[in-house]
Amino acid sequence: MSDLAGAQIGAVNAGDTAWMLIATALVLLMTPALGLFYAGLVRSKNTLNTFMMCVGAIAVAAVAWALLGYSLAFDGSGSLIGGLGNVALHGVGFAPRPGTTIPALLFMAFQATFCIVTIALVSGAVVERMRFGAFLVFAALWSVLVYAVLAHWAFGGGWLASNGTLDFAGGVPVEMGSGFSALAAALVVGARKDYGRQALIPHNAVYVLLGAGLLWFGWFGFNGGSGFSTGHSSVLAFVNTLLTPACTLVVWFVLDLIRGRRVTAIGAATAIIVGCVAITPAAGFISPGWAMALGALAALPSYGTIVYRTRTRVDETLDVLAAHGVAGFFGILFIGFAAQATWNGVSDGLLYGNPAQLGDQALAALAAPAYAFGATFLLLKLVGRLMPLRATEHEEAMGMDVIQHGEEAYATGEGAILVLPEAGDRAGVMVADPG
Amino acid sequence: VKLVIAIVRPEKANDVLEALYRAEVRGVSISRVQGHGGELDRVETYRGSTVKMGLADKVRFEIAISDSFVQPTIEALREGARTGEVGDGKIFVLPLERVVRIRTGETDNRAVTPVRK
């Protein structure tokens with residue numbers, strides 16, 4: 001999370017700032033990319049709703065972050081939570097963010113994109129049945145009460161960071177934060193009505209692959225930008241973001257071959273995500289060789305979790321826990337073994353003579369899931385008191401696109417009648433051109 | 001030999017298949033169709049244009065069966081497809097002049113009797 005390699009404290013560096021501007025845009029792209037990935041995984045009648053949860057995440061999380069979340073995460077070094085000094089972006093300007101060489105305003109925007117994609121990830125647990133409005137309310141509250149708190153612990157000088165836990169790009173707030181929150185959300189909202197009765201299969205595997213590819217592309221900004229510079233740790237993180245998912249893909253192919261005698265496309269897309277997640281916390285801390293080993297090993301627990309989860313009654317629909325929670329957990333712990341001061345300039349892991357690092361990592365691997373799960377469970381129970389969380393069975397059967405948005409992803413236009421606004425319903429209707 | 005055509009809601013198509021299976025009806029073709037059966041129009045909005053969707057998505061089942069199967073098939077279709085709301089669909093029963101199984105050349109009742117394994 002901190003690389004000052006060669007940079008002067010107290011001055012904004014043009015090169016670092018240029019890279020961080022691009023990295024911020026790359027990370028923002030991950031949210032619509034996730035929307036595409038998720039949209040392909042659901043049934044066609046829920047395509048738009050699923051995508052819109054990610055678009056909705058941009059809307060509410062960016063606003064909540066600017067108003068309150070950023071301040072709680074990054075103002076001051078309180079042990080559990082930051083301060084209110086930066087509420088509504090007060091005092092966030094062109095002066096460098098302490099500890100970096102980029103303007104605080106840019107730092108805020110970069111961190112905002114993390115908050116956005118994280119709550120978008122959680123939506124994968126509740127697609128195809130959660131009401132859109134209830135999700136937006138949940139997303140706004142979650143980004144302040146869960147994400148900002150975990151980000152403060154890991155990045156903002158909170159107790160995990162000051163304790164020595166290493167988390168380069170968000171194993172704690174983003175990956176374990178989303179994964180274990182997703183499990184809680186799936187339990188509170190409940191399973192889809194057809195879950196376990198009918199085969200609910202992805203409706204467009206091409207979306208899934210394209211979404212995974214765009215996520216990987218954005219992840220270069222996510223990991224490569226988390227050094228806040230163009231220094232060594234950023235280069236290391238960037239390159240590891242190429243190597244780790246490639247190794248996860250190879251191992252996933254083998255696992256698919258063993259289990260089903262075929263290499264699957266949806267499996268490959270999942271493997272890309274798992275690899276990117278696993279390297280996220282470790283990206284700037286472990287050597288490229290260890291990053292490749294991490295990619296290969298991280299495939300195993302996530303693959304196992306997906307296979308096991310689908311046999312349970314828990315409809316954690318798009319396997320956010322397996323892909324993000326479990327892989328993030330694995331990556332956080334892996335730092336404790338394989339961190340190398342010769343590569344990261346910060347700390348060694350167990351294999352290089354510093355067993356204490358593993359203890360610091362294990363602490364984060366216990367605390368983050370516990371907080372994410374518990375806080376999300378309570379928050380959703382509370383939101384459920386205020387408004388219904390899910391659509392009725394009839395609405396679920398009709399599909400969330402028509403019910404929640406009044407649109408279809410694959411409207412043919414046949415039989416569609418244009419209602420002319422001035423003429424009203426009585427006259428002036430004409431048949432739309434199906435072409 | 002009769003041809004049963006049923007138009008049902010797409011979200012009930014799986015329930016219909018299950019019910020047909022329980023009624024031991026094995027030969028089924030289905031297709032996605034659009035139609036209108038007196039239900040309320042859906043209103044959708046695309047970039048400010050409000051559109052009334054006059055046609056609803058439906059699934060059409062075509063089932064050729066011997067006469068003794070007609071009643072159980074109709075019951076299975078109703079059981080699987082019914083929600084009680086307008087738009088549940090229709091069942092049409094038509095006489096069939098001739099049925100030929102392409103593989104064997106069997107005709108009529110023998111052609112619509114499932115192959116025993």
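Side chains included, hydrogens not; waters and symmetry mates left out as well; all remaining heavy atoms used. Below, chains carry the letters A, B, ... as their sequence lines are ordered, and counting in each starts from 1.
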Report all side-chain donor-acceptor pairs from residues 17-26 of chain B shorter than 3.5 Å, counting only partners two or more places apart or in another chain.
residue: B/R22; atom: NH2; partner: B/E79; partner atom: OE2; Å: 2.8
residue: B/R26; atom: NH1; partner: B/Y21; partner atom: O; Å: 3.1

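Nearest heavy atom pair, residue B/D15 against residue A/R197, reads OD1-NH2, 3.6 Å. Taking both residues in full, the closest heavy atoms of B/V51 and A/L418 are given as CG2-CD1, 4.5 Å, listed atom of the first, atom of the second, then distance. Of all heavy-atom pairs between A/G406 and B/E44, the closest is O-CB, 2.8 Å.
Distance check: B/R9 CZ to A/M398 CE gives 7.5 Å after rounding to the nearest 0.5 Å.
Atom CZ of A/F217 is surrounded by 12 or fewer heavy atoms from other residues, nucleotides or ligands within 6.0 Å. Around atom CZ of B/R78, no more than 12 heavy atoms belonging to other residues, nucleotides or ligands sit under 6.0 Å away. Within a 6.0 Å sphere centred on CD1 of B/I102, heavy atoms belonging to other residues, nucleotides or ligands number 12 at most.
The contact between A/E408 and chain B is made by backbone and side chain atoms together, counting heavy-atom distances below 4.5 Å. Proximity to chain B (any heavy atom under 4.5 Å) is restricted, for A/Q198, to the side chain, taken from C-beta onward.
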